[in-house]
Engineer: 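Would you mind keeping the following structure in view while I ask a few things?
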Protein chains: 2
Amino acid sequence: MVNSDPNVGERTRKRVQEVIQALSFQPNMAARGLAAGKTRVLGLVIPVGISSIFSDPYFPLVIQGVSSACNLRGYSIMLWLAEPQFERKTISQIIYNGLIDGVIVLSMLTDDPLIDRLSESNLPFMTIGRHPTNQKINYVDVENRSGAYQGVSYAIETGHRRVACIGGPRNTISGQDRYQGYLEALRDHGRPVLPELIVEGDYSDAGGYQAMTRLLPSKPDAVFAASDAMALAAMRAIQEAGLRVPEDIAIIGFDDIPSAAISKPPLTTVRQPIVQTGKIVAETLIDRIEHPDPEPHRILLPVELVIRASC
Amino acid sequence: MVNSDPNVGERTRKRVQEVIQALSFQPNMAARGLAAGKTRVLGLVIPVGISSIFSDPYFPLVIQGVSSACNLRGYSIMLWLAEPQFERKTISQIIYNGLIDGVIVLSMLTDDPLIDRLSESNLPFMTIGRHPTNQKINYVDVENRSGAYQGVSYAIETGHRRVACIGGPRNTISGQDRYQGYLEALRDHGRPVLPELIVEGDYSDAGGYQAMTRLLPSKPDAVFAASDAMALAAMRAIQEAGLRVPEDIAIIGFDDIPSAAISKPPLTTVRQPIVQTGKIVAETLIDRIEHPDPEPHRILLPVELVIRASC
DNA sequence: TTGATAATTGGGAGCGCTCCCTAAATACCA
DNA sequence: TGGTATTTAGGGAGCGCTCCCAATTATCAA
């Protein structure tokens, strides 16, 4: 017994430990996994279909959180970047191959076939990002809607009348949720929804710049961008057009990435706890693996409006 | 025989394939790993000790390259973010546990204890980033020295006389190599090395901004920054000080990250093939696992000076 | 001291696969 | 058609561990 078997003598246990030390013995995980039926490995699936997605600082931070929780609990991470062409075959193959005790899926898209496959299986899994329809899926997400609501409300309450929106991609859940928050804030403050002030972005720097360029002729006096990357790019576009931030156009972002604090002016933004999200999703999944429990776990992490100088 | 055993009848093979299809049978990788002594899993170790390191777009891109090569060759990736406090124990434990056929180590630091442990073992491994002393270690790296040399030479040849350097951290190999390139370019063009024009950065945005602020009083007319993140931040610092890029101070970066192309002015920088680096290191490692070969493999990938408007 | 009970230990089966060796089937040639 | 060479199929051992049960030893009360 290499492990701490509960009914093994104190003396024996000690001797075993000494021998382990002396030989610097490492149990073979493949054998252990085979015999015990559990490997202490978590799968982490990240879709990279959307081109810009991996240059976003979001993903590394999630990985960092997951990794940190796994280290603490003695788990390892198997990483798959799900390139679209592999989804059908490889992913499902890989997932059922007995190397993994559970899976975390970074679920951006509103319709991810992988999720359906997983819910049919009996492999424990959680998603980062809520599922739009299936109520039985366990997830961790941040309060995207409420965060956007807060940000846009703040813009309105600080006297801005034409608040534009650079949204996230429409086929992402977070993009939709943040857009909803924008809409609701407008409605609750009795403001009209003006189509010319709404542009779809792709969360990326380049996309934000382009979106702002298209927005400029409509003369917004504030912009809510669904990501900091886009917000910062929009700020650049505004300044290059000879306008001032926040005097001519105020900006509110979403994420609070490191560079948001040091832009000029510093970006007012909605902070989401990215590393924390990764940690919690991993912890919850490990809990569920070790103590199976049919109760759905749906966790919504709070966001926080960080007021700086851009609005 | 689930695999394509070379001496198995054509008819039988076909029948086996059909049955596999019909049952959508998935071989258990743990069992296969145990029996065959190989798991088709690669370890990827990334140190996250340096705080800012994971917000750098470099790492995701390397992962992407490694992942892409692994997908092609039917390998999976086991990811470890090596938090410093785990290095001694966990990392070496994990690496010898039989779950892995080989390891890729993203080796930034000039003295990484993990590398020494690995070279004592007989686990195939490669590093990304050359090793400063041990000649027997297989690595893939980019031409950091020559890239910096090209960039700095270009600055000098375009008429700049006081070329400053915002270097990478001194305890990183790439930081040293790029600094060497800077020095050599200065020397080969008969320019003096002025200590007041040399500042150590940490590759990060914030570090670059701070470094530039310190550099400003020394009145450089050009700056070579060892990363684009620093270069972009330096550009901001210069512009905020009321100076123009490139008229007052020219800037040359290193990396060619996406935002380098859309900054204002667009950044002249040394492009390094990051995804490619990941691909090649994974491919080479897999080759070495499948066809052991004591010959050292040291690969230096070329870089390319991308001339845009900042210099 | 003895018997009953509890704590501990050692041994064997088996996890699902690969590898190797032998037996059987088939092909080939005189 | 018989015999040999060759291909193909099948069976068994074993990879290194965990789990479970039987055997052993220690513990305690009468």
Side-chain angles (χ1 to χ4, degrees), chain A residues 1-43 73-76 78 90 92-103 121-124 286 289-292, chain B residues 1-43 73-76 78 90 92-103 121-124 286 289-292:
Chain A
M1 294 298 136
V2 173
N3 323 295
S4 314
D5 195 306
N7 34 325
V8 84
E10 198 50 53
R11 291 187 303 284
T12 323
R13 189 208 309 295
K14 210 159 188 177
R15 251 186 42 226
V16 169
Q17 294 296 341
E18 277 166 15
V19 174
I20 287 180
Q21 285 289 325
L23 275 59
S24 69
F25 165 86
Q26 276 308 121
N28 180 308
M29 294 310 256
R32 181 179 285 197
L34 220 208
K38 50 191 65 175
T39 56
R40 298 187 78 83
V41 175
L42 255 42
R73 302 283 291 260
Y75 277 69
S76 304
M78 202 113 215
T90 314
S92 91
Q93 274 185 10
I94 283 167
I95 281 170
Y96 297 115
N97 67 11
L99 254 179
I100 271 181
D101 287 350
V103 186
S121 81
N122 47 10
L123 190 72
I286 293 173
I289 289 169
E290 294 179 351
H291 314 286
Chain B
M1 294 299 134
V2 174
N3 322 294
S4 314
D5 194 306
N7 36 324
V8 83
E10 198 49 52
R11 290 186 305 283
T12 323
R13 188 208 311 296
K14 210 160 186 177
R15 251 185 43 226
V16 169
Q17 293 298 340
E18 277 166 16
V19 174
I20 287 181
Q21 285 289 325
L23 277 59
S24 68
F25 165 85
Q26 276 307 120
N28 181 307
M29 294 313 253
R32 182 179 286 197
L34 221 208
K38 50 191 66 174
T39 56
R40 299 187 77 84
V41 175
L42 255 42
R73 302 283 292 260
Y75 277 69
S76 303
M78 201 113 215
T90 312
S92 92
Q93 274 186 10
I94 282 167
I95 281 171
Y96 296 115
N97 67 10
L99 255 179
I100 271 181
D101 286 350
V103 186
S121 81
N122 46 10
L123 189 72
I286 292 173
I289 289 169
E290 294 179 350
H291 314 286

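Keep in mind that what you see is a predicted model, and the values were worked out from it rather than measured. First the proteins, then the strands, lettered A, B, ... as listed; each starts at 1.
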Engineer: Nearest whole Å is fine: how far is D:dG16 P from B:Leu99 CG?
Structural biologist: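 Atom CG in B:Leu99 sits about 14 Å away from atom P in D:dG16.
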Engineer: Salt bridge check, B:Glu290 against B:Lys38: does any charged N sit closer than 4.0 Å to a carboxylate O?
Structural biologist: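 Salt bridge between B:Lys38 and B:Glu290, a charged N being under 4.0 Å from a carboxylate O: no.
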Engineer: What's the CE-P distance between A:Met29 and D:dT18, to the nearest Å?
Structural biologist: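 Checked: the CE to P distance equals 9 Å.
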Engineer: Where the side chain of B:Asn28 meets the backbone of A:Gly98, is there a donor-acceptor pair that is under 3.5 Å apart?
Structural biologist: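 No, B:Asn28 side chain to A:Gly98 backbone: no donor-acceptor pair under 3.5 Å.
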Engineer: Measure from CZ on B:Arg32 to C1' on C:dG16 and round the result to the nearest Å.
Structural biologist: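 Atom-to-atom, B:Arg32 to C:dG16, this comes out as 11 Å.
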Engineer: By nearest nucleotide on DNA chain D, pick out whichever of A:Leu34 and A:Lys38 is the more 5' one.
Structural biologist: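 Of the two residues, A:Leu34 wins.
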Engineer: Of A:Ala35 and B:Ala36, whose closest DNA chain D nucleotide lies nearer the 5' terminus?
Structural biologist: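 On the 5' side of the pair lies B:Ala36.
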Engineer: Go through C:dG16, C:dC19, D:dG16 for me and flag the one nearest to the A:Asn28 side chain.
Structural biologist: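 Selected nucleotide: D:dG16.
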Engineer: Could you check whether any side-chain N or O of B:Arg40 sits under 3.5 Å from a backbone N or O of B:Asp101, counting only pairs where one atom can act as donor and the other as acceptor?
Structural biologist: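 Side chain of B:Arg40 to backbone of B:Asp101, a donor-acceptor pair under 3.5 Å: no, none is there.
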